[in-house]
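As structure tokens, the structure follows; a few thoughts come after it.
Remember, it's 1-based here, ligands and their atoms both numbered in the order they're listed.
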Amino acid sequence: TRDKMPPVEGDILVHASASKEGEIIKVSELSEQLIRAWPMGKDKEGNNLIRKGDPNNVLALYRFPKGQIIAPTNLEATIDGEIVAYSDICTHAGCSVSDDDQTEGQMKCPCHSGQYDPKRGCKVVGGPPPRPLAQLPIKQDGDKLVVAGFFLENPYPFTESEWEARKE
Ligand code: FES
């Protein structure tokens, strides 16, 4: 069903945190602190539909000062090299990843201390995750964030065959 579909091009990003869930995220709200987001598309009748039927759809958004986001981040999939979106689901065993309280600008998984660097394509910089968090291409529409394409890599702790099936 559509609420379980992974982010689709054209989806608008809305807050996933309990206090603001469903509110459209504004570009002006973003900072170096992780903001969790859901993709919001449309149902068959054309009404807004938040794709939270699959908890694996939760995303992580950051805005860093220009020049700080570097390879292997795909800069063309960011907004102006400043705003970047990733899957927030740890590639180790599927927990939701948080900001690292100890190391600014990094992410730490609460389950087994996997660490990722969101300025460098969310590459793994510590712990057991087998691969980076997948980057999601985004673009700007006014003050809104819009999904610009499919995840650049397998975003979930899925096997390759599960991932291939999901892409179809
Ligand atoms: Fe994230 Fe294990 S689930 S480190």
Side-chain angles (χ1 to χ4, degrees), residues 1 3-8 11 13-23 25 29-41 50-64 68-75 77-79 81-138 145 147-168:
T1 55
D3 70 325
K4 293 197 168 99
M5 282 167 67
V8 175
D11 281 357
L13 300 186
V14 300
H15 281 280
S17 67
S19 60
K20 291 184 166 184
E21 191 176 80
E23 286 179 32
I25 297 171
E29 291 179 82
L30 296 168
S31 72
E32 295 182 47
Q33 290 218 305
L34 185 155
I35 288 186
R36 287 205 177 89
W38 292 118
M40 182 173 77
I50 300 176
R51 300 192 203 281
K52 60 177 189 174
D54 184 342
N56 288 323
N57 283 346
V58 72
L59 304 166
L61 299 174
Y62 283 99
R63 178 178 204 151
F64 294 112
Q68 290 196 6
I69 298 180
I70 56 172
T73 317
N74 182 327
L75 288 172
T78 67
I79 297 171
E82 294 181 22
I83 300 172
V84 63
Y86 298 100
S87 164
D88 192 44
I89 302 301
C90 187
T91 59
H92 179 228
C95 293
S96 187
V97 184
S98 312
D99 276 329
D100 184 343
D101 296 337
Q102 310 298 319
T103 314
E104 206 176 316
Q106 286 197 2
M107 299 170 83
K108 190 168 187 177
C109 180
C111 292
H112 316 98
S113 299
Q115 287 178 281
Y116 300 92
D117 183 346
K119 296 177 185 169
R120 291 186 293 158
C122 262
K123 64 185 259 184
V124 179
V125 290
R131 53 178 187 267
L133 296 177
Q135 189 183 346
L136 181 73
I138 50 169
L145 297 156
V147 176
F150 206 59
F151 282 111
L152 300 177
E153 311 89 20
N154 180 351
Y156 304 105
F158 288 169
T159 63
E160 285 305 309
S161 58
E162 285 170 329
W163 164 236
E164 289 303 324
R166 197 178 169 97
K167 276 200 289 192
E168 286 159 11

List in chain and number order the residues that pass side-chain hydrogen bond (donor to acceptor under 3.5 Å, both in side chains) with Asp3, two or more places apart in sequence or in another chain; answer none if no residue qualifies. Thr1
Residues at least two apart in sequence or cross-chain that pass side-chain hydrogen bond (donor to acceptor under 3.5 Å, both in side chains) with Lys52, listed by chain then number, are Glu21
Just by modelled atom types, is the Arg131 backbone N or O under 3.5 Å from a matching donor or acceptor in the Thr91 side chain? yes
Here the pair of heavy atoms bringing Leu133 nearest to Tyr86 is O-CD2, 3.8 Å
Give every donor-acceptor pair under 3.5 Å between a side-chain atom in residues 106-113 and any protein atom, sequence neighbours left out.
residue, atom, partner, partner atom, Å
His112, ND1, His92, ND1, 3.1

Give the total of protein N/O/S atoms at a distance below 2.8 Å from atom 2 (Fe) of ligand 1. 2
What closest approach, in Å, do Ile83 and Arg63 show between heavy atoms, and which atom pair accounts for it? CG1-CG, 3.9 Å
